[in-house]
Each structure stands twice: as structure tokens, then as C-alpha cells.
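Here is the structure we will look at, set down as C-alpha cells.
For the numbers below, each heavy atom of this structure counts, side chains included, while hydrogens, waters and symmetry mates do not. Numbering of residues begins at 1 and proceeds along the displayed sequence.
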Amino acid sequence: MKALVEFCSSNASSFTKDLINRLENDATLDVDVVEYGCLGHCGECYMGPFALVNGDFINAPTSEELFAKIKQKIQEAEEAEEKDFPF
């Protein structure tokens with residue numbers, strides 16, 4: 001199942017625009033990247049980079065660290081899915 005990574009457009013303009021492009025172009029990730037006007041985490045937009053990964057809030061001090069956390073979260077979700085639905 002594809003992971004869903006959601007970004008706030010206010011946060012993207014400040015912190016995560018390059019990260020969005022990087023996720024969209026990473027051939028190793030099976031991910032849908034969506035940018036919304038607001039994700040309902042008001043105030044977080046101006047504090048630092050963040051995203052929702054499959055609905056879970058993830059933040060980090062830098063976009064590089066956020067990228068690593070997003071990849072880790074996606075890998076954990078894939079591993080959990082494989083345990084639940086082995087092929």
C-alpha cells in the first residue's frame with residue numbers, strides 16, 4: 001500500500017518545498033505526496049518542518065532530518081503490513 005505524505009503549503013513555502021520534490025522523485029519510495037492549504041496544525045507551520053505520514057504527525061529541526069524520519073516511518077509501515085499480510 002502506498003504511503004501518504006501530506007504537507008501544509010505554508011510550511012512548504014518556509015521549510016519543506018525541496019523535501020516535497022525529493023520525495024516525489026525518490027525511486028526507492030512508494031509514496032503519494034500531497035500539499036494542502038492547511039493540515040490543522042496551526043502554529044507548527046512557523047516552528048519548523050513537519051508532515052503527516054499516513055495521518056501521523058512528524059516533525060524535525062531540519063528538512064533533512066524530517067526526510068530521514070519520513071523514510072523510517074514508511075519503512076516501518078511497510079514492515080508491519082508484510083507481517084499482517086505475508087505474500
Side-chain angles (χ1 to χ4, degrees):
M1 177 188 248
K2 266 190 177 183
L4 175 62
V5 182
E6 301 167 279
F7 291 92
C8 170
S9 61
S10 294
N11 192 257
S13 66
S14 301
F15 299 106
T16 56
K17 194 58 164 176
D18 290 337
L19 175 58
I20 291 170
N21 294 329
R22 191 170 170 191
L23 284 169
E24 290 176 329
N25 295 307
D26 190 322
T28 66
L29 295 175
D30 189 18
V31 62
D32 283 327
V33 179
V34 181
E35 185 178 329
Y36 294 107
C38 181
L39 292 176
H41 291 273
C42 299
E44 293 294 333
C45 292
Y46 305 103
M47 301 293 289
F50 81 93
L52 298 181
V53 179
N54 296 329
D56 294 333
F57 178 84
I58 297 177
N59 66 341
T62 67
S63 60
E64 195 62 37
E65 290 175 83
L66 182 60
F67 180 74
K69 284 184 169 185
I70 289 171
K71 283 187 79 165
Q72 179 181 1
K73 184 73 171 174
I74 291 169
Q75 289 171 346
E76 289 170 0
E78 289 172 351
E79 289 170 4
E81 186 175 327
E82 286 176 12
K83 285 182 181 177
D84 291 339
F85 303 103
F87 297 102

- Task: Ignoring hydrogens and angles, tell me if any N or O in the side chain of T62 forms a donor-acceptor pair with the backbone of E65 under 3.5 Å.
- Result: yes
- Task: Quick one: closest heavy-atom pair of A60 and L66, and the distance?
- Result: CB-N, 3.5 Å
- Item | V33 with V53, same ILVMFWY side-chain cluster at under 4.5 Å | yes
- Value rounded to 0.5 Å, distance of CG in D26 from CG in N21: 12.5 Å
- Query: Are I58 and L29 in one and the same hydrophobic cluster, where Ile, Leu, Val, Met, Phe, Trp and Tyr link if side-chain heavy atoms are under 4.5 Å apart?
  - Reply: yes
- Task: Specify the closest pair of heavy atoms between A3 and I74, including all atoms of both residues, with the distance to one decimal.
- Result: CB-CG1, 3.7 Å
- G55 and E6: which non-hydrogen atoms are nearest, and at how many Å? N-OE1, 4.3 Å
- Approximate separation, where rounding is to 0.5 Å, of M47 CE and F15 CZ: 9.0 Å
- Message: Quick check on the hydrophobic clustering: are F57 and L4 connected, directly or via other members, by side-chain heavy-atom contacts under 4.5 Å?
- Response: yes
- Item | Heavy-atom closest contact (C8 atom, C38 atom, distance) | SG-CA, 4.3 Å
- N11 versus H41: any side-chain heavy-atom pair under 4.5 Å? no
- Query: Say you draw a straight line from CD of E24 to CD of E35; how long is it, rounded to the nearest 0.5 Å?
  - Reply: 8.5 Å
- Message: If hydrophobic clusters are built by linking Ile, Leu, Val, Met, Phe, Trp and Tyr wherever their side-chain heavy atoms come under 4.5 Å apart, do V31 and I20 end up in the same one?
- Response: yes
- Message: If we count only N and O atoms by modelled type, under 3.5 Å, do the side chains of Q75 and E79 hold a donor and an acceptor together?
- Response: no
- Begin from the C-alpha positions of K71 and T28 and carry the test side chain to side chain contact (heavy atoms under 4.5 Å, CB included) through to its verdict. CA-CA 10 Å; K71 283 187 79 165; T28 66; 4.0 Å; yes
- Task: Answer yes if F67 and F7 sit in the same cluster of Ile, Leu, Val, Met, Phe, Trp and Tyr residues linked by side chain heavy atoms under 4.5 Å apart, and no otherwise.
- Result: yes
- CG (L23) and CG (D32) are apart, to the nearest 0.5 Å, by 11.5 Å
- Hey, is the main chain of P49 close enough, under 3.5 Å, to the side chain of N59 for a donor-acceptor pair? no
